Peer 1: 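Just dropping this structure here.
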Protein chains: 2
Amino acid sequence: MAAQRGQRGGPGRKSAESAAPVGSGAPAASEVTTPMPAVDEQRARSIPEAAVARLAVYLRVLSAMAEQGATTVSSEELSSSAGVNSAKLRKDLSYIGSYGTRGVGYEVDVLVGQIERTLGLTHNHQVAVVGIGNLGHALANYGGFPGRGFPVAALFDVDEDLIGVPVGGLAVNHIDEIPLVCAQRGISIGVIATPPAAAQAVCDRLVAGGVESVLNFAPVVLQVPEHVEVRKVDLAVELQILSFHVARRADDDEETEPAANGQAKGVDRVVIGR
Amino acid sequence: MAAQRGQRGGPGRKSAESAAPVGSGAPAASEVTTPMPAVDEQRARSIPEAAVARLAVYLRVLSAMAEQGATTVSSEELSSSAGVNSAKLRKDLSYIGSYGTRGVGYEVDVLVGQIERTLGLTHNHQVAVVGIGNLGHALANYGGFPGRGFPVAALFDVDEDLIGVPVGGLAVNHIDEIPLVCAQRGISIGVIATPPAAAQAVCDRLVAGGVESVLNFAPVVLQVPEHVEVRKVDLAVELQILSFHVARRADDDEETEPAANGQAKGVDRVVIGR
DNA sequence: ACGATTTTGTGCATGTGTTCACAAGTGGAT
DNA sequence: ATCCACTTGTGAACACATGCACAAAATCGT
Ligand SMILES: NC(=O)c1ccc[n+]([C@@H]2O[C@H](COP(=O)([O-])OP(=O)(O)OC[C@H]3O[C@@H](n4cnc5c(N)ncnc54)[C@H](O)[C@@H]3O)[C@@H](O)[C@H]2O)c1
Ligand SMILES: NC(=O)c1ccc[n+]([C@@H]2O[C@H](COP(=O)([O-])OP(=O)(O)OC[C@H]3O[C@@H](n4cnc5c(N)ncnc54)[C@H](O)[C@@H]3O)[C@@H](O)[C@H]2O)c1
C-alpha cells in the first residue's frame, strides 16, 4: 500500500481521472514492489485517501472554532459540525496520532497543528494558474487560497492581449514560459483552466517545469508521468451525478406511488429549518 | 427508513459533505436503496456511487469518439481513454445492462444512449446559480452546461446593484424570490456560489423552492433534509489533498535517499516558512 | 480514595468498491 | 463445418472504508 510503485509496465505515462488518484494504479505484482506481504515497518505513512479529504474539512471546521475562541472540542461536536459520524472522525484522527484526552476531548490548537503537519501545510505551496479566462480570473482573484497557504505565484495564457496584464496583482506570462517560470518560482501546484483542447499540452509544460501536482478544470483525462498527481474538478460530471439521483428519486416515487402525482410543484412541505 | 438508530443529529436534517474523491460516498444512498432486510428479491437498481461518476466520464469520451466518426469501441480502447482499467470499465457498464457484442466491442451510439438514460440525461435539468460574483459569473457564462442538458434558468444575488442586470443573457433576481422563481421555472439543481456565511440560508431557500439537488462551492458543510442531495466542490480541500501528496513524496524521497539530491532544478523542496 | 461519568482509541463485523481470471459468445478464416 | 483469435460479462477474491461497541484513560464529585 505504502509503496505503490509500478503500474502497468507500459509507457511512462499514467492517465489520471480525478477522483481516484490511487485508484487507477494497478498493483501489478510484477515489479519489485514490497517484498513483504505485511508492511510491518513505517505503516503510519499510509492514511486512507478518503480520510485525507476529510482531514482537510476537519481542519477548516477547527480553524473556525478556534476563531470563535474554543479551546477544546469533543469528537461528537467536531464530527457533527463536519458532517460525519463520530466514530469515523476518531478513526480518521487516529491515523495521525493520539492527540486527544479521554474523558475530555481534543485541544483545538493541537489538532489544527497536527492536521496541518500531516497535510504538509506547514509551509506554503506556490500555485500557478494557466488559462486566465472566466474561471482563471475567478481563481486568480480568489482570496481564499493565499490565506490558506496557497499563494498564486504565476499566471499563464496564450492570448497575446492578456500577456503582461495584471490579474489579481500578478502579471500574466505566456505559456511558452511555463517551464522556466515554474522552475524559477518554485511552483508546486499547477491549476489548469484552459479549454479542453489545450489542457494536455499545458499539463506537459507544467510537468516540464517540475510541477508534480495538478488540479484540472478542463473536462479531459490528462496523461501524466508516474510521479505526477492529478486531481480533476469536473462540473459537468458533478451535475450529471446529481441528475442521476434526480432520476433515481423519480423512479422510486413512480414505483411506490404509481398514481396521483400531478407533477405539482411539490413545494408544500416547506421545512425551512429553524 | 431503515430505523437507522444512533444517527444522531437534528430531526429531518442530514449534513452533507460529499465530494468527488475516491471514497466519496453519499451516505443517503444506502438508506434509500434497500430499506428492507437482505431479501434476495433485491432489484439490481443500485449502481455504485463511484461507478456513476465514471459513467459520466465514459459518456464524455464516447461523445468525443462519436464526433470523430467511431461507430464501435472495445473496452480496452474506451477504458484507456477514460483512464481506468478495462475490467472496471466493463463492470461499470454491466451495471446498466449488456450492450456489448463479444469479440467485437460496444456500439458507440448505443452506449451513449444507455448511459444518458441511466444518468437521467434524456431531458433537461434547469439550473439556478446563486451568488453572481467571480465564480457565479463564470458559471453563468459557461457554455458547457446548456450544451449538456443543464440550461441555467435562474440567477440570484443579494446585491441590489446586480438585481435585474443580465448575466449570460439572464436577469439576476433577488434571493428572496428563490422559492417562488425556482418553483415557477422548475429548477431541479441549485448551484451555490455565495460567500460561506450565506450558503446555509441560501440552501434553505432553494429547498423551500423544491430544489432537491445542490452543488455547493462554498466551503461549508450544508445541513439539508433527508431527501436533498448535496455535492460539494471545495477547491481548498483539493489543494490540500495535493499538498498532502507533495509532502508524502518529499518524505519518501528523504527516506530512501537520505543524501544527495541535487539533480533537479531545485524545483522541489520549497522551504519558505510560514 | 473511589466510584460515577465522560470520551477517546480501536478490534471486529459489515459493507462497498476494485481487480483478477476465465467461461461463454462472436465473427472471420480455413 | 470447424477452428481460432478476440472481447464481453461476471463470479470470486481481494482491498479498502465504515460503523458499532466497548475497554481504557481521564476528570469530577463526594
Ligand atoms: N467557466 C466555468 O464555469 C467552467 C465550468 C466548468 C468547466 N470549465 C472548464 O474550465 C476551463 C476554462 O473555462 P473558462 O470558462 O474560463 O473558459 P474561457 O474561454 O473563458 O477561458 C479560457 C482561457 O484559456 C486561454 N487559453 C486558450 N488556449 C490556451 C492555451 N493553449 N494555453 C493557455 N491558455 C489558453 C484563453 O485565452 C482563455 O483566456 C474550460 O476547460 C472549461 O471547460 C469552466
Ligand atoms: N472565486 C474562486 O475562485 C473560488 C474558489 C474556491 C471557492 N470559492 C467559493 O465560492 C464562493 C463564491 O466565490 P466568489 O469568488 O465568486 O465570491 P464573490 O465575493 O466574488 O461573490 C460572491 C457573490 O455572492 C453574493 N452574495 C453575498 N451574500 C449573498 C447572499 N446572502 N445571497 C446571495 N448572494 C450573496 C455577493 O453579492 C457576490 O455577488 C465563495 O464561497 C468562495 O469561498 C471561490
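Since we're looking at a predicted model, the values are computed, not measured. Just so it is clear: chains get the letters A, B, ... in the order the sequence lines come, proteins before strands, and each one is counted from 1.
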Peer 1: In whole Å, I'd like the distance from the CZ atom of A/R54 to the C1' atom of D/dG19.
Peer 2: 12 Å
Peer 1: How long is the line joining CG of A/N85 and P of C/dG15, in whole Å?
Peer 2: 15 Å
Peer 1: Counting heavy atoms from C-beta on, name the nucleotide in C/dG17, C/dA21, D/dA17 closest to the side chain of B/E49.
Peer 2: C/dG17
Peer 1: Other residues, nucleotides and ligands only: do more than 12 of their heavy atoms fall within 6.0 Å of CD on B/E77?
Peer 2: yes
Peer 1: Will you find, in the side chains of B/R249 and A/S213, an N or O donor that is under 3.5 Å from an N or O acceptor?
Peer 2: yes
Peer 1: In this structure, how many angstroms lie between the P atom of D/dT10 and the CG atom of B/L93, rounded?
Peer 2: 11 Å
Peer 1: Once you round it to whole Å, what is the distance between P of D/dC20 and CD of A/E76?
Peer 2: 11 Å
Peer 1: Looking at A/Y106, does any N or O in its side chain come under 4.0 Å of the phosphate oxygens OP1/OP2 on C/dG9?
Peer 2: yes
Peer 1: For the residue pair B/E76 and B/S79, what are the closest heavy atoms and their distance?
Peer 2: O-OG, 3.0 Å
Peer 1: Do the side-chain N and O atoms of B/R117 and B/T122 include a donor-acceptor pair separated by under 3.5 angstrom?
Peer 2: no
Peer 1: Give me the atom names and distance for the closest heavy-atom approach of B/S188 to B/V211.
Peer 2: O-CG1, 3.8 Å
Peer 1: Which residues in residues 61-73 of chain B have at least one heavy atom lying under 4.0 Å from any atom of DNA chain C?
Peer 2: none
Peer 1: Between A/E212 and B/R248, is there a salt bridge with N-O shorter than 4.0 Å?
Peer 2: no
Peer 1: Side chain of B/T101 only, please: which of C/dT26, C/dT18, D/dT18 is the nearest?
Peer 2: C/dT26
Peer 1: Grab the CD1-C1' distance between B/I47 and C/dT18 for me, whole Å please.
Peer 2: 17 Å
Peer 1: Separation of A/I96 atom CD1 from C/dT10 atom C1', in whole Å?
Peer 2: 16 Å
Peer 1: Check this for me: does the side-chain of B/R102 come within 3.5 Å of the base of C/dT26 through a donor and an acceptor?
Peer 2: no
Peer 1: Does the side chain of B/Y99 get closer than 4.0 angstrom to OP1 or OP2 of D/dT7 through an N or O atom?
Peer 2: no
Peer 1: Let me spell it out: for each of B/G97 and A/D92, pick the nucleotide of DNA chain D with the closest heavy atom. Which residue's pick is nearer the 5' end?
Peer 2: B/G97
Peer 1: If I take atom CG in residue A/L111 and atom P in nucleotide C/dT8, what distance separates them, rounded to the nearest angstrom?
Peer 2: 10 Å
Peer 1: Report the nucleotide, chosen from C/dT19, C/dT8, D/dT8, that has the shortest atom-to-atom distance to any side-chain atom of A/S74.
Peer 2: C/dT8
Peer 1: Is the base of D/dG19 touched by the side chain of A/K91 through a donor-acceptor pair closer than 3.5 angstrom?
Peer 2: yes
Peer 1: Is there a side-chain contact between B/S75 and the phosphate of D/dT7, meaning an N or O under 4.0 Å from OP1 or OP2?
Peer 2: no
Peer 1: Between atom CD in A/E77 and atom C1' in C/dT6, what is the gap in whole Å?
Peer 2: 13 Å
Peer 1: Ignoring hydrogens and angles, tell me if any N or O in the side chain of A/S74 forms a donor-acceptor pair with the backbone of A/G105 under 3.5 Å.
Peer 2: no
Peer 1: As a test of reading the structure: which of C/dT19, D/dA17, D/dC20 is closest to the side chain of A/P48, going by heavy atoms?
Peer 2: D/dA17
Peer 1: Closest approach of B/R60 and A/P219, non-hydrogen atoms and distance?
Peer 2: NE-O, 3.0 Å
Peer 1: So which nucleotide from C/dT8, D/dG9, C/dG27 ends up closest to the side chain of B/R90?
Peer 2: D/dG9
